[in-house]
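Written below as structure tokens is the structure these notes are about.
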Amino acid sequence: MAAKVYFPSCCLPAQSAVLLGCKLGRRDSFLVLATMSFPFTPNRVKSFLASVAPRDTPPWCDFRPEVLGICNVSADWRVLDDESSLTAHSLCKIFNGEAWLEVELHAGSTSPSSCNIYRRDTNGHYNLRSPRTVVFAHYNQREAVTVRWLAEDSSDFTSMEEQTADVTKEPSEMALFFTALSCNEQIFLPPPCEDDLEEKQSTGSSVCLRHWQDAGPEGSIVVELGKAACRPIRRVGAWFLALVAPLFICRLWTIAPLPWIGDCLSTWLQLHHQHDRLRVVFSPPVVKVPPRLTPPRCADMICSMLLDSLLGLLLISHIYPHGHLEAATDALPVFTQAVAGHLQELLQWLMGAPAGLKLNSTLACTLGRFFLYHIHLWLSYVSMLVPYVGPVLWYGGLLATLGVSLLLSMLIDITSLLTVHVYCFYVYAARLYRLQVCGLSSLWRLFRGKKWNVLRHRVDSCQYDVDQLFLGTLLFTILLFLLPTTALFYLVFTLLRLMVIGGQVVLSRTIWLINGLPVFSLVQRLLCGYNLAGGVEFEVLTQTSKSILNVSMQIQPLSVWAVLRRFWLPSRVMVHRSPNPTQLVATILSGELVQPWYRGGSGWG
Amino acid sequence: MGAVLTGRERNYHYNCALGSTRAANRQLAWTPILGSFGTLRRGRRMEEPGATRMASCRGDPLVFSERKQHGLSIEYTLSSPGVSLSSLLCCTLAVWTVTYPVSTYAQAPALLASATVIVMLGILVYLHWIRVQHESILVISGTGVQLSTCFASGRCDTHFIEMDVVQDIVINEGIHRQAVIYYLCVLVRNNQKNGLKAILPVFLAARPRLDCLRKVYRGCQEILHTEPNISTCVMDR
Amino acid sequence: MPHSICMVSDFFHPNAGGVESHVYQLSQCLVERGHRVVVVTHAYGDRAGIRYLTNGLRVYYLPLRPMYNQATAPTLFHSLALLRCVFIREHVTVVHAHSAFSSLAHDALFHAASFGLASIFTDHSLFGFADVSSVLTNALLRASLGGATRAICVSHTGRENTALRAAMPPGRISVIPNAVDATRFTPGPPTGNPDSTCHDRAHLPRSVDRRCAGVTVVIISRLVYRKGVDLLAGVLAQLAATRSDLNFVIGGEGPKRIVLEELREQHCLHDRVTLLGALDHRQVRDVLVGGDIFLNTSLTEAFCMAIVEAASCGLQVVSTHVGGVPEVLPPDLLTLCKPTVRDLCAGVIAAADRLLAGKAPDRATTHARVRDFYDWRDVASRTEKVSNDDSSQNDN
Amino acid sequence: MARKVLYERSGLPDNHVSRNFLETLRRNVRVRKYSYWSVVYESGVVTQQLGSVCIFVLCWWLMETGTLVPSQLFTSSLALSFLGYYLYDVIDGGTGRRCSGRTRLADLKSVLIFLSFTYGLSPLLKTLTETISTDTIYAMTTFMLLGHLLFFDYGANAAIVSSGLSLNMALFASVCLASRLAGPLHTFTLITFACELFALWPLLQKKLKKQSTGCHGMLTVLFAVVVVTALAMVAPACAALAIVLLFLLSFLIPLWLVKLQLYKDNIHGPWDEAEIKDDLSGVLH
């Protein structure tokens with residue numbers, strides 16, 4: 001197996017220098033983090049390495065930076081310390097690492113001509129490792145350091161705890177590579193005291209490193225400010241949360257009817273959802289591993305809440321000044337009248353000969369009158385409601401500042417309030433239809449001289465005596481001829497009910513979308529793709545020497561779909577999978593009630 | 001008495017020979033006119049010195065090229081003949097000839113416009129997601145196996161599998177539509193639980209024959225299973 | 001001259017049954033004799049593609065959808081392309097189709113004729129002539145066997161039946177019986193082989209275990225009408241009433257199981273009649289060894305494998321005088337009775353008395369005799385002879 | 001000559017055809033000998049059932065055209081039923097009643113149920129199929145009556161026979177026809193008449209047939225005559241058709257059946273599935 005050396009491409013073309021980096025796991029693979037050019041003194045180097053050693057490394061791998069070896073450019077050795085003529089080979093004794101790299105380069109060339117790896121055996125001698133073949137991977141250090149490693153198949157690596165639990169299994173090499181880089185960030189930061197580069201070199205007192213950020217720390221002021229500001233914001237948020245929390249946690253809500261009502265009102269559900277989000281955002285971070293490796297949960301939540309309230313404000317700014325709200329409150333009674341009118345026409349049509357169907361006129365009339373009376377009841381109920389709608393809408397509108405999703409959930413509640421009568425009609429018709437269908441199926445079994453054996457759940461033949469047969473047949477004929485009428489009423493009201501549910505599903509689907517969209521990671525993926533690494537891509541470069549394979553390693557950004565799938569925020573408004581059509585049709589035909597499947601909690605599925 | 005070779009198999013030699021010559025000289029330097037949405041990182045090589053002509057299991061001509069880097073990495077690429085510009089043009093012409101009389105008769109010019117747009121989009125989707133130009137497998141000793149599929153529009157999506165997860169590269173037999181074919185597949189081990197996690201078939205679009213697969217198999221096995229021998233020459237002289 | 005034989009049937013492993021084990025054992029023995037054998041069947045669930053069994057026996061699970069109890073649709077051409085591909089790849093010289101119920105076998109016979117390959121058909125079941133389904137099946141058989149140059153039947157009765165059904169000259173039908181894997185069906189204590197835990201000693205139902213108390217009658221068959229389960233119910237009722245020392249163990253599953261359960265409830269025979277349910281092929285031996293008499297009440301049997309397995313385990317066999325049963329075992333090992341309740345009861349009682357009086361033949365000698373009667377290698381050699389004259393006759 | 005056994009190697013090749021090949025073949029083992037006149041006598045049952053269906057449809061037709069007043073039909077059918085009820089007990093001197101255990105009180109209860117329910121539901125039944133077009137009703141009735149004739153229990157133990165289904169079909173047809181009549185009273189009388197004709201009369205008919213052969217023959221002739229005369233009254237063309245049908249049914253078809261016995265050719269051998277002759281229902285009551 002060829003040994004592997006990951007060499008930062010920004011350190012090429014190199015001068016002769018010492019390679020600082022670390023070993024990756026138990027395999028022959030070395031990660032070079034930075035190169036320190038001569039002159040230097042060994043103990044100076046050791047003290048520097050001790051100062052930049054990462055404090056919180058994951059227990060399952062030791063990523064402390066060490067001197068891996070030296071890289072000399074066409075044999076121009078310059079050693080600082082004159083008194084002991086230190087040759088390249090003797091250095092390894094001083095640093096006494098497990099393995100020692102020697103990379104030969106021609107001046108100005110970007111790919112090494114030879115690379116020998118020496119391995120320390122038990123009694124301290126360094127033997128050349130064979131096969132001498134080495135895979136030299138040039139990696140772009142800028143991308144690799146700032147990247148968040150989320151490879152698809154490393155899903156078993158998402159949470160660090162899971163990884164540490166199983167120490168025996170070596171995590172994948174790429175995971176090691178990126179963890180090592182993120183743990184050793186300290187090495188890339190300039191030493192706090194010296195700020196001037198030339199002065200450092202002349203005095204030789206300090207260390208001169210070459211890595212991707214040797215020209216000075218890169219970072220935008222905004223990020224710095226954000227980091228500085230986040231502690232006080234978190235304190236204020238926590239205080240505010242303490243104020244609001246009792247509203248949700250108090251046991252008042254667990255008294256009998258309230259949880260059921262709570263479950264029906266999507267606004268209450270949405271409020272709970274916002275409360276959960278705030279609690280997560282303002283709670284102190286639990287995970288101790290470097291933040292880069294944990295998914296950007298808080299950032300996403302904050303952004304999605306901001307987006308939500310932004311949309312809400314936009315909507316309000318459009319509605320309130322232009323008086324649309326007042327127009328809406330006036331339009332409501334007119335709208336309900338129109339709806340009532342349409343319903344009455346529909347019922348009249350049903351009581352006649354709808355679509356030429358031959359319904360039992362007496363039954364059709366009785367049902368029609370029953371439902372007409374209900375419409376009358378509903379009209380009076382609405383007229384009672386009208387005075388309260390105005391203020392409710394106005395104050396409700398203000399809630400939109402908390403988020404347009406809250407407004408949408410209020411809309412859902414209002415529609416369900418306004419269409420109570422459709423719901424009632426549907427339930428009556430469904431119960432009647434179900435009664436008739438069950439009666440018919442058992443009488444049909446009687447008609448064929450069979451009986452449902454409840455014990456063995458199967459149909460057995462059975463001997464009926466004459467009057468049972470007679471009675472069964474009479475009832476069977478009656479129910480059979482009445483079935484079309486009830487079926488038609490049932491069908492019409494089911495369609496109405498499905499239309500209402502359809503509308504509410506569309507609204508709740510948008511709420512779910514707004515709640516769940518991981519805005520921050522999406523933007524991050526679109527703007528600087530390489531931050532979210534989904535995989536690695538190797539390409540073989542033109543070869544210069546026999547024993548070294550120069551390979552360039554690029555980082556593949558995660559696909560947009562994968563970003564959405566991994567970072568989708570959980571939302572309490574859990575939209576169940578809408579039932580597949582056959583299941584829906586079967587429920588409708590059998591007369592069972594179609595439960596609305598957009599609500600969280602008890603809904604469908 | 002062996003079975004009688006009937007149907008397409010009998011004139012296999014005939015149309016394969018003819019097919020390959022025609023494809024070779026008709027291969028334009030096809031740079032995607034419509035531009036590509038994906039990242040165009042590497043221009044694919046057209047006719048390489050190491051390329052030989054092979055046949056897919058259905059007899060279509062394929063160009064097979066091998067690139068070996070001194071025992072450390074090996075890359076096999078199978079390219080099928082490019083999308084000829086003429087075929088795309090005649091497809092759009094066909095659509096136009098159909099929709100033009102209909103739109104004039106129905107006095108709805110929008111029909112013709114929409115048909116053109118649909119055809120364009122269709123070609124774009126065809127080039128970008130459906131028509132595979134090159135398929136390659138790159139094995140780097142000690143690092144891993146990389147499968148890449150490049151489409152006619154130049155978009156390449158690669159999948160890199162680390163070496164410690166790669167269990168083996170084998171040739172397997174399988175039933176594909178109405179025929180039994182050989183295919184090369186990479187066995188991916190599940191590094192958590194033992195046992196096989198996935199079987200990734202290679203060269204899905206090209207589906208080369210057994211002779212080509214044998215070559216690729218031998219090459220990959222060489223790289224995969226080179227035995228590490230620790231020499232004992234001492235460094236300190 | 002080594003042939004390249006292609007066994008075609010809808011019924012093969014993982015489906016369990018007589019035809020399946022016949023095809024598997026025959027293929028193994030033919031491979032042993034140096035032939036190249038390939039089995040073609042339809043896909044069972046996600047078990048599709050090409051699989052390898054012991055000794056490099058290659059099995060093609062073609063992705064064809066089964067239509068009715070494991071038989072694919074009898075449309076001729078949906079399997080043509082795949083079968084042709086298999087014939088060409090494997091350089092098949094002889095196509096050997098099994099079982100009249102398998103429509104894939106009929107298709108293969110057609111295609112073999114169109115490709116000019118020698119084809120053999122093995123019939124495993126008897127068929128009547130009276131009802132509608134048998135009329136249709138016989139017509140289909142007559143059509144598909146038109147091309148087949150040779151046929152094999154498992155018993156003389158079977159040969160007569162196939163000759164009549166397929167209107168085939170009897171000279172082209174040879175009689176080659178099934179065989180039993182004697183190494184597995186041996187007398188002696190139940191071994192409780194390691195992988196089927198349910199059959200080490202502790203799990204055996206009490207009635208099978210209680211050897212000394214009385215005589216245990218074992219019945220192992222699919223509980224369907226053709227296996228005479230109604231007849232069995234009548235026999236059980238009468239025997240349980242007349243003889244108190246008889247216990248019954250019934251293995252196998254099927255739609256008619258309810259008949260036996262109702263019988264057990266009505267006559268409160270819970271302790272004397274045990275229903276074991278579906279038995280894995282490996283567990284059959286342990287159940288057989290646990291009993292003394294094997295009762296077979298089936299209404300029609302071409303070659304009853306169950307009684308041969310029972311005899312190989314050393315049990316006395318009582319069976320109905322139907323189909324090919326009389327040809328299977330010599331009279332001293334087999335008590336034949338007419339398919340009526342009274343006759344069967346008399347048979348069982350006679351066998352039980354013989355056992356209790358100690359005059360029953362010794363188990364080891366019975367096993368030895370049955371082992372010589374039937375052996376898969378002998379079946380393979382006779383099948384090979386049929387293939388030889390089949391292909392030679394086909395060349396000239 | 002080789003013994004047909006498998007456990008011995010006869011040394012002959014496997015495909016050797018010995019002389020005793022197919023010696024166990026039997027042809028036409030279970031063929032029943034039919035005598036012409038007994039078949040004619042048996043076909044009487046079918047004629048009688050056909051006759052009762054015609055009588056029912058005729059009564060409906062008469063009620064429809066108003067020539068028959070509901071009360072007349074009701075009283076006459078009631079009288080006939082009582083007569084039949086009385087006859088039913090007299091014929092076998094009460095043995096039938098003792099074994100079936102049905103007391104007179106139970107009979108009365110079921111009669112009361114018949115009458116009360118029919119009377120109660122007849123207005124509903126009347127308006128039940130008001131909106132359904134007449135020809136659909138006629139089509140359904142004809143199908144139901146044909147089904148009734150098909151499934152009726154003529155005494156043959158075939159799989160197709162299901163007395164319950166045939167009675168239900170007849171009742172369904174009668175309800176459909178009844179809904180076409182003028183008033184609820186008509187509906188009531190027609191449905192009661194249907195019950196008597198299709199539910200009660202077959203019981204008496206079977207008993208009579210078992211008791212005395214002559215009575216059965218006489219009844220068949222009576223039914224044939226009644227049907228023909230009634231049809232002649234209503235529609236002479238139908239009467240002619242009825243005569244031909246009845247003649248065909250009772251004389252020509254039996255002749256044809258006897259003739260066909262000659263071409264019967266079924267094969268029996270050891271390979272046939274054994275039938276279970278024992279009566280196993282005793283075991284699994």
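Lettering of chains follows the sequences in order, A, B, ..., and the numbering in each one begins at 1.
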Heavy atoms only, distances under 4.5 angstrom: which of C:Leu236, C:Val386, C:Asp378 has the most pairs with chain D? Name it, please. C:Asp378
If one checks every heavy atom of D:Asn266 against chain C at 4.5 Å, the contacting part turns out to be neither
Work out which heavy atom in D:Ser43 is nearest to a heavy atom in D:Ser250; give both atom names and the distance. OG-CA, 3.6 Å
Measure distances from C:Phe127 to the heavy atoms of chain D and classify the residue's part below 4.5 Å as side chain, backbone, both or neither. backbone
Under the criterion ring-ring contact (aromatic ring centres under 6.0 Å, His included), I'd like the reasoning laid out for C:His156 against D:Trp271: C-alpha separation, chi angles, the key distance, then a yes or no. CA-CA 10 Å; C:His156 293 283; D:Trp271 52 78; over 10 Å; no
Counting only heavy atoms closer than 4.5 Å, note whether C:Asp372 contacts chain D via side chain, backbone, both or neither. backbone
Counting only non-hydrogen atoms closer than 4.5 Å, does C:Leu126 touch chain D with its backbone (N, CA, C, O), its side chain (CB onward), both, or neither? side chain
Side chains of C:Val341 and C:Leu231 in contact at under 4.5 Å (non-hydrogen atoms): yes
Of all of C:Gly171, C:Ser298, C:Gly128, which one pairs up most often with chain D through heavy atoms under 4.5 Å apart? C:Gly171
Is it the case that the ring center of C:His124 lies less than 6.0 angstrom away from the ring center of C:Phe101? no
Heaviest contributor of heavy-atom pairs below 4.5 Å to chain D, chosen from C:Ala163, C:Pro177, C:Pro170, is C:Pro170
Please classify the contact of C:Leu329 with chain D as side chain, backbone, both or neither, using a heavy-atom distance under 4.5 Å. backbone
Please flag which part of C:Ile176 lies under 4.5 Å from any non-hydrogen atom of chain D: side chain, backbone, both or neither. side chain
Establish, from distance only, whether the side-chain atoms of C:Thr335 and C:Gln316 form a donor-acceptor pair under 3.5 Å. no
Parallel, tilted or perpendicular, as decided by the 30° and 60° cut-offs, for the rings of D:Phe152 and D:Tyr154: perpendicular
Please look at C:Val370 and chain D and tell me whether the side chain, the backbone, both or neither of the residue comes under 4.5 angstrom of a heavy atom of that chain. neither
For C:Glu384, is there an ion pair with C:Arg377 - N to carboxylate O distance below 4.0 angstrom? no
